[in-house]
There are 2 protein chains.
Amino acid sequence: MKNNIKNLRAKHDLTQDKLAELLNVSRQTIISLEKERYNPSIILAFELARIFNCRIEEIFIYQEE
Amino acid sequence: MKNNIKNLRAKHDLTQDKLAELLNVSRQTIISLEKERYNPSIILAFELARIFNCRIEEIFIYQEE
DNA sequence: CCAGAAAGTAAAGTAAACTTAACTTTACGT
DNA sequence: ACGTAAAGTTAAGTTTACTTTACTTTCTGG
């Protein structure tokens with residue numbers, strides 16, 4: 001699962017810290033998501049879509065393996 | 001998080017067992033999702049959208065609390 | 001160059017998603 | 001009424017998302 005959180009975050013002029021705060025998650029979570037160390041829960045995905053004002057599919061690129 | 005997996009599954013004429021098989025998850029997972037006992041991973045959400053041939057937002061209704 | 005902010009790493013712990021298994025209940029055709 | 005398929009329950013175990021803390025590295029402005 002690829003994502004472009006880092007780009008979107010930059011576009012919205014947010015630090016990892018600020019984004020974490022908006023999402024009510026830890027900064028660690030943002031770092032790990034950006035580094036694609038794990039996949040978000042669907043709730044986090046929805047929240048990200050809300051904050052970035054776009055669709056989940058625009059943030060996360062699902063490639064079936 | 002609400003979802004209409006049960007309806008969509010019926011529409012596609014699938015048993016819980018068959019859907020579980022298509023998704024490579026256990027039947028328990030389908031039951032629990034339909035009963036909204038927990039939320040799916042984003043991967044499962046994508047897979048469901050693929051199988052039901054619709055958008056994630058058409059399956060899962062996110063209500064921020 | 002250096003201070004501070006932002007980004008990253010590592011590790012140990014908690015919470016929630018998902019599995020496995022064994023059993024019960026409901027719906028439905030014969 | 002009975003058999004069987006589908007749906008549901010419970011519980012214990014594994015995996016993975018997410019937290020917390022403490023520390024290091026990179027980036028940027030003065």
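What you see is a predicted model, and the numbers here were worked out from it, not measured in a lab.
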Could you tell me the separation between the [atom1] atom of [X] and the [atom2] atom of [N], rounded to a whole number of Å?
X	N	atom1	atom2	result
R9(A)	dA5(C)	CZ	P	17 Å
Y38(A)	dA11(C)	OH	C1'	14 Å
K35(A)	dA6(C)	NZ	P	17 Å
I30(A)	dG8(C)	CD1	P	12 Å
I31(B)	dA5(D)	CD1	C1'	13 Å
E21(A)	dA7(C)	CD	C1'	17 Å
N24(B)	dT19(C)	CG	P	9 Å
F60(A)	dA17(D)	CZ	C1'	12 Å

OP1, OP2 of dA7(C) versus side-chain N and O of K18(A): anything below 4.0 Å?
->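 Checking K18(A) against dA7(C): no side-chain N or O falls below 4.0 Å of OP1 or OP2.
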For dT19(D), take OP1 and OP2 only and decide whether either is under 4.0 Å from a side-chain N or O of S26(A).
->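 Checking S26(A) against dT19(D): at least one side-chain N or O falls below 4.0 Å of OP1 or OP2.
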Do the side chain of R27(B) and the main chain of D17(B) share a donor and acceptor less than 3.5 angstrom apart?
->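 Looks like no, no N/O pair under 3.5 Å.
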If only atom types and distance count, is the side chain of N3(B) paired as donor or acceptor with the main-chain N or O of L33(B) below 3.5 Å?
->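 Such a contact is found between N3(B) side chain and L33(B) backbone.
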Hey, are the side chains of N4(A) and I61(A) touching, using non-hydrogen atoms and a 4.5 Å cut-off?
->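 Yes, their side chains come closer than 4.5 Å.
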Taking the side chain of [X] as heavy atoms from C-beta outward, which of [options] is closest to it?
X	options	answer
N39(B)	dG8(D), dT19(D), dA17(C)	dA17(C)
Q16(A)	dA7(C), dT20(D), dC18(C)	dA7(C)
Q28(B)	dT21(D), dC18(D), dT10(D)	dT10(D)

Below 3.5 Å, does any donor atom in the side chain of R27(B) face an acceptor in the base of dA6(D), or the other way round?
-> no
Between the base of dG8(C) and the side chain of R37(A), is there a donor-acceptor distance below 3.5 Å?
-> no
Any side-chain donor-acceptor pair under 3.5 Å between Y62(A) and E47(B)?
->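 Note: Y62(A) and E47(B) side chains meet the donor-acceptor criterion.
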Does a donor on one side chain and an acceptor on the other come within less than 3.5 Å for S26(A) and T29(A)?
->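 Present: a donor and an acceptor within the cut-off.
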Contact nearer the 5' end of DNA chain D, comparing T15(B) with S41(B) | T15(B)
Select from L44(A) and D17(B) the residue whose nearest nucleotide in DNA chain D is closer to the 5' end of that strand.
->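 Comparing both residues, the 5'-ward one is D17(B).
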